[in-house]
Structures are given as structure tokens and as C-alpha cells.
Number of protein chains: 2
Amino acid sequence: MMRISELSERSGVAIATIKYYLREGLLHQGEQVAATRAAYDDSHLRRLRLIRALLEVGRLPVAAIKQVIEAVEDESLPVHRMLGTAHHALGPAVEPEPGDDWEAAGAQVDRLIGEQGWTITPEAPTRDELAQTIVRLRQLGLPTDLTRYAEAARRLAEAEMDAIPFDGPRESAVEAVVLGTVLYGRALDTLRRLAHESESARRLAGAGEDSPGERP
Amino acid sequence: MMRISELSERSGVAIATIKYYLREGLLHQGEQVAATRAAYDDSHLRRLRLIRALLEVGRLPVAAIKQVIEAVEDESLPVHRMLGTAHHALGPAVEPEPGDDWEAAGAQVDRLIGEQGWTITPEAPTRDELAQTIVRLRQLGLPTDLTRYAEAARRLAEAEMDAIPFDGPRESAVEAVVLGTVLYGRALDTLRRLAHESESARRLAGAGEDSPGERP
DNA sequence: ATGCACTGGATAGCGCTATTATCCAATGAT
DNA sequence: ATCATTGGATAATAGCGCTATCCAGTGCAT
């Protein structure tokens with residue numbers, strides 16, 4: 001049990017910001033102890049860490065975080081619906097760019113999902129997200145065969161899901177899924193860029209030029 | 001050869017926005033035909049597509065795109081330096097969060113890079129990016145073993161690099177590297193979320209509840 | 001019980017980014 | 001000759017994530 005100032009110190013989040021999160025419904029209210037005093041506990045601290053991770057590492061907009069949290073807190077939602085809602089909040093919303101390109105990309109997304117044997121809601125915004133990327137790849141003349149990526153994604157996702165406590169309290173499950181999706185997603189992205197850097201250094205930095213990483 | 005209005009129509013980017021990109025140095029000036037008339041060509045159209053892809057798909061801030069483009073246009077830069085600069089602009093800048101956690105995470109990043117046999121500049125901001133993610137994983141009690149991800153990243157990055165035309169014009173090489181990094185990165189991320197959705201549906205949607213994707 | 005730091009609550013303002021709008025004088029097509 | 005368009009400059013806008021200010025009520029130390 002603590003007051004707002006202690007919550008602020010322990011979390012590293014400014015008081016004004018905490019108030020803002022309270023207003024926005026990202027952070028649940030503390031226990032009203034008196035008219036002008038409320039008490040916060042570890043659940044608030046944990047929630048703040050969740051928010052900051054989604055915000056700073058996942059770069060989710062506050063509105064998306066709110067959706068995730070609402071899904072968590074809506075007890076009437078069956079778990080897999082809750083996960084769906086949370087999941088759909090994680091991707092940036094893209095609006096369709098109508099045209100032949102878009103149609104073709106959509107078909108390709110369907111085909112890819114079919115090939116992998118995935119089960120995906122027809123309304124999943126994630127489909128449009130992928131379609132948009134494919135459209136851009138096409139426009140720029142880059143190869144659009146994503147099978148290799150889909151397979152890597154599948155392998156990683158399966159391993160991650162094995163670690164999710166689906167039998168525990170519902171809050172743990174969403175948190176684990178959402179945090180896993182976002183944080184490991186970012187880790188993967190960063191690692192891929194590191195691998196790129198290393199590969200291009202290896203292939204180019206011969207020929208007498210100094211190579212990054214080893215200064216004379 | 002076209003005027004600004006045609007460039008706008010063909011690219012789908014508003015005239016005012018094109019002027020803005022010209023001001024910001026993202027888009028090179030058109031050929032001055034008369035005091036109040038300039039001519040644009042396919043290179044401008046292509047550049048606009050690059051900008052929009054980095055902006056909308058890659059979600060890079062305009063300032064980062066500018067850095068990328070400056071690297072491309074600085075002819076005096078050796079190719080691998082140019083790629084390094086461009087690459088470092090792709091990641092969001094993170095500032096270190098000093099403390100023991102940070103130190104430990106840094107050490108873990110070094111170890112991971114070593115294990116994979118990668119060659120990475122000591123100053124690469126990408127290192128800090130990864131360190132930050134590891135710190136957050138720790139704070140939230142999630143496993144921090146990223147070996148599996150590093151290996152997947154390495155495999156994908158190697159395959160991508162095989163497709164880069166390092167022997168062609170330098171502009172092609174950066175464009176390919178940057179676009180590849182960003183667009184396939186996003187594709188991978190989206191696919192991983194799709195795989196997650198599918199996996200959690202598969203594991204949870206039994207038990208009489210209707211499963212996403214098949215409505216009665 | 002008194003003075004003072006702290007609280008919740010409400011509202012307003014800020015700093016940044018990406019974009020859009022407005023004006024202008026010059027100009028080229030009809 | 002005229003009228004829409006252009007380049008160029010400057011201002012205005014919208015959204016977001018905070019941050020600051022003000023307020024009256026309250027707990028705590030003295």
C-alpha cells in the first residue's frame with residue numbers, strides 16, 4: 001500500500017503522468033481511503049510497468065494500450081475473444097488502398113494463411129496490415145514471396161505459446177501474450193537489424209577499407 | 001518529365017506535402033525549367049514511393065528518412081559506411097537507463113553478438129536498443145534467452161543479403177537494404193502476430209465456444 | 001489545534017511532428 | 001489577354017503524450 005508519490009518514485013513515472021493514466025483509464029483507480037487520499041499497491045506498479053513497456057518498447061499509442069487493458073478487464077469476455085481483441089490492438093490500423101493491387105495482395109495473404117494452416121478471423125485487421133506491406137513491396141519491385149518469413153514466424157510463435165500460462169488467472173494470460181508479442185517482436189526486429197549490419201559489413205568491408213568494429 | 005500536379009496525382013501525395021518534402025530535403029529538386037516552373041521525372045516518383053514506404057509501413061519519422069537519404073546522396077561515403085549510417089537511422093533512438101540492469105543487459109547483448117559470430121560497431125545504437133528490450137523483459141519477469149530469435153534473424157538476414165545488388169549503382173544497394181530491412185521486417189512482425197492469433201485460437205477455442213474464423 | 005506538505009480532481013497549456021492552408025507574384029497555355 | 005498553375009515563403013492545424021497550474025480538503029507533526 002502506498003500513496004501516489006511513492007508509486008511515482010518506485011515506477012519512475014511522474015505524478016502528473018500517473019494522473020493522466022488514471023484519467024485515461026489505463027491505470028485502475030487506487031482504493032479510496034478518504035476523500036482526498038487513495039492507496040495504491042503492487043498491482044498498480046505492475047500495471048505501470050506494462051504500460052511503459054507497451055509504450056516505450058512496443059511504441060503503441062495510448063489509445064491502443066487502453067483497448068488492451070479494457071479487454072483484460074472485461075470479465076465477461078471469453079479468454080480467446082479477449083486475446084483476439086488485445087491482439088488486434090497491437091497492430092497499427094491500416095486502411096485499405098482500393099485497387100487491383102490491393103485485391104491481389106489480399107488474395108496472397110489468404111493463400112499464405114492457408115499454406116501455413118492458420119486459423120484467422122476474416123475480420124482480423126492483421127490481414128490488411130500484411131496486405132498493405134505486400135502492395136508496397138510490389139510497387140517497389142521487391143520479391144513478395146513471404147513463405148520463408150511465415151515459417152520462421154510460425155516456429156517462433158509456437159515456442160512462445162508454450163510458455164503462456166493459459167490455465168492461470170486470465171490477467172496473466174493476456175499480459176503474457178501481449179507482452180510476449182510486443183517485446184519479443186521488438187527483440188526479433190532488432191536482432192534482424194544487427195544481423196543485417198554484420199552481414200553487410202562482412203560482404204563489403206574487405207578491400208582495404210577499415211571494417212566497423214576493428215579500428216587500427 | 002512532369003509538373004508537380006502530375007507528380008502529385010501519380011504518387012497520391014498531396015502537392016502541399018510534396019512541397020514539404022522538397023523543403024525538408026527528402027525529395028530532390030526538380031529541374032528548373034523557368035523561374036516558376038520545374039520538371040520532375042521518374043526518379044522523383046520512385047523517391048516518393050520510398051518515402052511513403054518508410055513513413056507508412058516502416059513508421060520512420062521524417063528526420064530519420066532524411067538521414068537515410070543524406071547517406072544515399074553523399075557520394076564521398078564508402079558504401080559500407082553509407083549502409084551503416086542508413087541502418088542506424090532505422091532504429092528508434094533509445095537512451096541508456098543507467099543502473100545494474102542496464103550493465104547486465106549490455107553484457108548479454110555482447111555475449112549474444114559473440115555467439116552468433118557477428119561483427120558490429122561498438123557504437124551501434126542497435127546495441128542499446130536491444131539492451132533496453134532485455135531490461136524490460138527482466139523487469140517484467142519474462143525469459144531473456146534470445147538465442148532462438150538471434151538464429152532466426154541470422155538465417156533471414158543472410159537470405160535477404162543474397163538478393164542485394166552490391167555491384168550495381170550505390171543508390172540501388174542502399175535502397176534495397178533499407179527497404180528490405182524495413183518492409184520485410186514489418187512483414188515478419190505481422191506474420192508473427194498472425195501465427196500468434198492462430199495458435200491461441202487453436203489452443204483455446206475448443207470447449208464449445210465458437211472459434212474465430214468459423215461462425216455457425 | 002495549527003501550520004504545512006501532500007492529495008485527488010479538474011482544466012489548461014506545451015512541445016513535437018506531419019501535414020495542410022493561405023498568399024504571393026510570375027508565367028505559360030488558350 | 002486572361003486565367004489556372006506554379007514555386008516559394010509563411011502560417012495554421014490536428015493529434016499525441018505529457019506537464020503545469022490551481023484548488024479545496026486532509027493527514028501528520030508539533
Side-chain angles (χ1 to χ4, degrees), chain A residues 1-41 44 47-69 89 92-95, chain B residues 1-41 44 47-69 89 92-95:
Chain A
M1 289 305 202
M2 48 188 142
R3 289 169 300 209
I4 201 172
S5 57
E6 190 180 346
L7 183 61
S8 167
E9 274 169 37
R10 287 225 264 159
S11 63
V13 178
I15 291 186
T17 308
I18 293 179
K19 287 184 176 182
Y20 166 63
Y21 293 157
L22 285 168
R23 276 199 304 280
E24 293 298 309
L26 300 195
L27 187 61
H28 46 291
Q29 301 289 345
E31 188 191 340
Q32 275 294 9
V33 155
T36 69
R37 200 127 311 195
Y40 304 91
D41 57 26
H44 295 89
R47 176 63 65 81
L48 274 180
R49 277 203 274 256
L50 171 69
I51 294 169
R52 300 306 289 189
L54 295 182
L55 206 55
E56 292 171 7
V57 184
R59 305 212 132 63
L60 294 197
V62 165
I65 298 177
K66 187 178 180 180
Q67 288 180 7
V68 171
I69 283 169
V94 309
E95 61 246 65
Chain B
M1 289 306 203
M2 49 187 144
R3 288 169 303 213
I4 201 173
S5 57
E6 190 179 346
L7 183 61
S8 167
E9 275 168 37
R10 287 225 262 160
S11 63
V13 178
I15 292 185
T17 308
I18 294 179
K19 286 184 176 180
Y20 166 63
Y21 292 158
L22 284 167
R23 275 199 305 279
E24 294 297 309
L26 300 195
L27 186 62
H28 45 292
Q29 300 290 344
E31 188 190 342
Q32 274 295 10
V33 156
T36 69
R37 201 126 311 196
Y40 304 90
D41 57 27
H44 295 89
R47 175 63 65 83
L48 273 180
R49 278 203 274 258
L50 172 70
I51 295 170
R52 299 307 287 189
L54 295 182
L55 206 54
E56 293 171 6
V57 183
R59 307 211 128 64
L60 295 196
V62 165
I65 299 178
K66 187 176 181 183
Q67 287 181 358
V68 171
I69 284 169
V94 308
E95 61 243 67

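Throughout, a chain's letter reflects where its sequence line sits, starting with A, and its residues are numbered from 1.
Residues B:S11 and B:I18 share a closest heavy-atom pair of OG-CD1, 4.4 Å. Minimum interatomic distance between B:L27 and B:H44 (heavy atoms only, all atoms of both residues): CD1-O, 3.8 Å. Residue A:A38 comes nearest to A:G30 through the heavy atom pair CB-C, 4.3 Å, listed as atom of the first residue, atom of the second, then distance. Of all heavy-atom pairs between B:V68 and B:A89, the closest is CG2-CB, 3.9 Å. For the pair A:G25 and A:I69, the tightest heavy-atom approach, listed with the atom from each and the gap, is O-CG2, 4.0 Å. Considering all non-hydrogen atoms of both residues, A:R59 and B:A93 come closest at NH2-O, 4.3 Å.
When side chains are defined from C-beta on, B:V94 does not count as touching A:E56, because their heavy atoms never get closer than 4.5 Å. Using a 4.5 Å heavy-atom threshold, the side chains of B:L48 and B:Y40 count as separate.
Counted within 6.0 Å of CZ on B:R49, heavy atoms from surrounding residues, nucleotides or ligands total more than 12; the atom is thus considered enclosed.
Atom CZ of B:R23 is separated from atom P of C:dT22 by 15 Å (rounded to the nearest Å). Look at CD1 on A:I18: it is 14 Å from C1' on C:dC6, rounded to the nearest Å. What separates OH of A:Y40 from C1' of C:dC6 is a distance of 12 Å, to the nearest Å. A straight line from OH of B:Y21 to C1' of C:dT20 spans 12 Å, rounded to a whole angstrom. Rounded to whole Å, atom C1' of C:dT20 lies 11 Å from atom OH of B:Y20. The interatomic distance linking A:L22 (CG) with C:dG9 (C1') rounds to 11 Å, in whole Å. In this structure, CD1 of B:I51 is placed 14 Å from C1' of C:dT19, rounded to the nearest angstrom. Taking atom CD on B:E24 and atom C1' on C:dT20, their separation rounds to 14 Å, with Å as the unit.
Contacts between chain B and DNA chain D, taken as any atom within less than 4.0 angstrom of a protein heavy atom, begin and end at D:dT5 to D:dT10.
Within the structure, every side-chain polar atom (N or O) of B:Q32 is placed at least 4.0 Å from both OP1 and OP2 of C:dT27.
Taking every heavy atom of residues 5-16 of chain A and every atom of DNA chain C, pairs under 4.0 Å involve A:S5, by number. The stretch residues 54-64 of chain A touches DNA chain D through A:L55, A:P61, A:V62, each having a heavy atom under 4.0 angstrom from the strand.
A donor-acceptor pair under 3.5 Å is absent between the side-chain atoms of B:R10 and the main chain of B:L7, judged by distance alone.
A:R3 comes within 4.0 angstrom of the backbone, heavy atoms only, and of no base.
Under the side-chain hydrogen bond (donor to acceptor under 3.5 Å, both in side chains) rule, B:Y21 has a single partner from B:H28, B:R47, B:R52, B:K66, which is B:R52.
Residue A:T17 is the one, among A:T17 and A:T36, whose nearest nucleotide of DNA chain D lies closer to the 5' end (criterion: closest heavy atom). For the pair A:R37 and A:Q29, nearest-nucleotide mapping onto DNA chain C gives the more 5' position to A:R37.
One finds the CG atom of B:L22 at 6.0 Å from the CD1 atom of B:I4 (value rounded to the nearest 0.5 Å).
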